[in-house]
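A short write-up of the structure that comes next.
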There are 2 protein chains.
Amino acid sequence: MKPTVHDIAAHAGVSLATVDRVLNRRPGVSISTREKVDRAVSELGFVRDVGAANLAKGRVYPLTFIIPSNDNSFMRGLRHALDEAKASSVLERTAIRLVDVPAFDAVALARALDEAVADAPAGIAFVAVDAPDVLAAAERVVAQGIPLVTLVSDLSGAARDHYAGIDNAAAGRTAASLLGRFLGGQAGKVAVLAGSMLVRDHRERCDAFSDAMVRNFPKAQLLPVLEGRDDPGTVEQIIGALFADHADIVGIYSLGAGNRGLVRALEGVAEDKRPVVIAHELTETTRAALQSGLIDAVLNQDAGHEVRSAIRVLKAKADGLPVIAAQERIRIDIFLKDNLP
Amino acid sequence: MKPTVHDIAAHAGVSLATVDRVLNRRPGVSISTREKVDRAVSELGFVRDVGAANLAKGRVYPLTFIIPSNDNSFMRGLRHALDEAKASSVLERTAIRLVDVPAFDAVALARALDEAVADAPAGIAFVAVDAPDVLAAAERVVAQGIPLVTLVSDLSGAARDHYAGIDNAAAGRTAASLLGRFLGGQAGKVAVLAGSMLVRDHRERCDAFSDAMVRNFPKAQLLPVLEGRDDPGTVEQIIGALFADHADIVGIYSLGAGNRGLVRALEGVAEDKRPVVIAHELTETTRAALQSGLIDAVLNQDAGHEVRSAIRVLKAKADGLPVIAAQERIRIDIFLKDNLP
DNA sequence: CAAATTCTGATTTACGTACCTCAAGAACTG
DNA sequence: CAGTTCTTGAGGTACGTAAATCAGAATTTG
């Protein structure tokens, strides 16, 4: 049967207290004794029973999540994922605190980070705005020794322990491949609709998409990037104007949120003139648009996965444990109308 | 703080022993007392500490997995996922036993099921061959009260508790959409390559693909289904013959395994004559073919997810707990060369 | 009404680990 | 050599739950 600390003690010929000191890196053990214990651990294949350990420790991990108070479906999904994480927080021994900040507001975000530090949580996760103020605040967090994880959108510069989000360049390339191939060699104008070039995820998607389009589908003519602030109203207006200005739009890549406005604008386009549309995030809106054919493909990041990954990483970092990068990679889901969950 | 059994006892005005009897469905509690305890549980929001419970129980779940001894990358991946599950079995309190059976052999599979029952495991998972012998054996398993889960390929008839695998009809439809749209209206012949029509997953993919192609892309001419037995050698030969017989193959849907043979055959086709190819399962072979452009898209099911889901479900069923279906749904991953992990 | 049965309480042990205290021996220090 | 520090052992308590025993109380049965 599964070896216990008692078995380790017996096998190493030391007392339980010494085994405990070694396992929990407490001081007061000579190097030779430490090695004896380590040898016994590996020889018997001892694995600490996490359940029992948590039970004994009674430890809880107070975690702070800083989320933009942006009212779009994706952020609501993220909130929902956090609520679920809260619901199971008892079992996970986490105490999750949610902090709202205005969207795309570097100063407010930096202040929120500084305030979060004051509570001395076991870790902080936040949706980054890629700006100097935020970077400086992040560095203060890290300087306090508090594990810091960026969520959904990353921060340039190394002032964070981990990024829990998708590879946005890959997402942009994938969108280009799908759009290009769905066009089937057709020539025409392709529009890119972003939320804000201030956030790194949008910038990366946009750059990778443009790059891949130019390289692989030269027949498509890329229009200048549109910024919709992830707001449905703004988006509807921008896209409406787009179709008014250009008669030959054959493709749209919507890489941010606010797709409710996009769909409303698309509904006004004659069926035979509808462009190929690739959007991000599977929501009620994009799901319905996929099914009705207004949107052709949706790239999605699973907010639940991102939140759970962030929590796992923060807990691991708080305990000084290594993170298995491969296990924490967030996948890019591709949805067509045929494989909707 | 998190309520414990002691809090429940105090709040309900009963003893700890009675709370325990109610929580663990032991006899000897009157209906009124049971209700008092239940009320206290819901009022205080008590959640049993699974770690502590497992610790106290010292329970282990002996699980039997019956896997075809088919030597292709996907089955190797499945085995690898099972090895990983075994590695963490100590923490999960599972004891996983692997049983090999010849591939596509209903009689051998039925016998393996009967033999597995003899060990009285806490649950059995198996890759189904959809045949009457197997169904009868499955019914015997269920009759013994042993939780039974089909893995990867399902069994017709209701003789199982759960299916841990993808929606294969959705996969077939998705393949049709991708293939059809990548063709861009081009006319020509489309071939379907399966492993064996004896397994339900292949049959479902094939039917859904054919149906969707006929309906949505009538210009494509579907050829009769080819069966490659999931064997690279056989597949190479079949596909070689296919190109020899037909000059205008524009698309191939490979819905089974043995893609090494497919890729070798494709390498022999002149670049300007290469068809659009959609394959299943991300392996070393398909990954390389995606990157080199021989394969255009790969639909994937994550064997690790399937194994972990099967284990979760079997444990839950063994304890008589409900399964949250939405949480156990296995997603269909779509990989292009751009979003490879 | 006594006897049998059902229900409930009180108490104990165990699971594997963490963490604490106290004591004693070993190995240094000056 | 006395004093100090370091190392180790022994033992206990705690975490939240499961499971068992035994004794009494309440209820039903004949």
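Per chain, numbering begins at 1; letters A, B, ... match sequence-line order. Values below: every heavy atom of this structure, side chains too, minus hydrogens, waters and symmetry copies.
- For A/S30 and D/dT7, the shortest distance from a side-chain N or O to OP1 or OP2 is not below 4.0 Å.
- A search for side-chain contact (heavy atoms from CB on, under 4.5 Å) contacts involving B/D49 returns A/L55, A/R93, B/K2, B/A52, not counting sequence neighbours.
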Fill in: B/S/- contact track for nucleotides 14-25 of chain C, protein heavy atom under 4.0 Å
-BBBBB------
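- A/T18 contributes atom OG1, which lies 13.0 Å from atom CD1 of A/I8 (distance to the nearest 0.5 angstrom).
- The distance from atom CG of A/L340 to atom CG of B/D167, rounded to the nearest 0.5 Å, is 11.0 Å.
- A sub-4.0 Å separation between OP1 or OP2 of D/dG9 and a side-chain N or O of A/T18 is present.
- One finds a salt bridge joining A/R160 and A/D154 here, because a Lys/Arg side-chain nitrogen approaches an Asp/Glu carboxylate oxygen to under 4.0 Å.
- A 4.5 Å side-chain heavy-atom check between A/V149 and A/Y163 finds every atom pair outside the cut-off.
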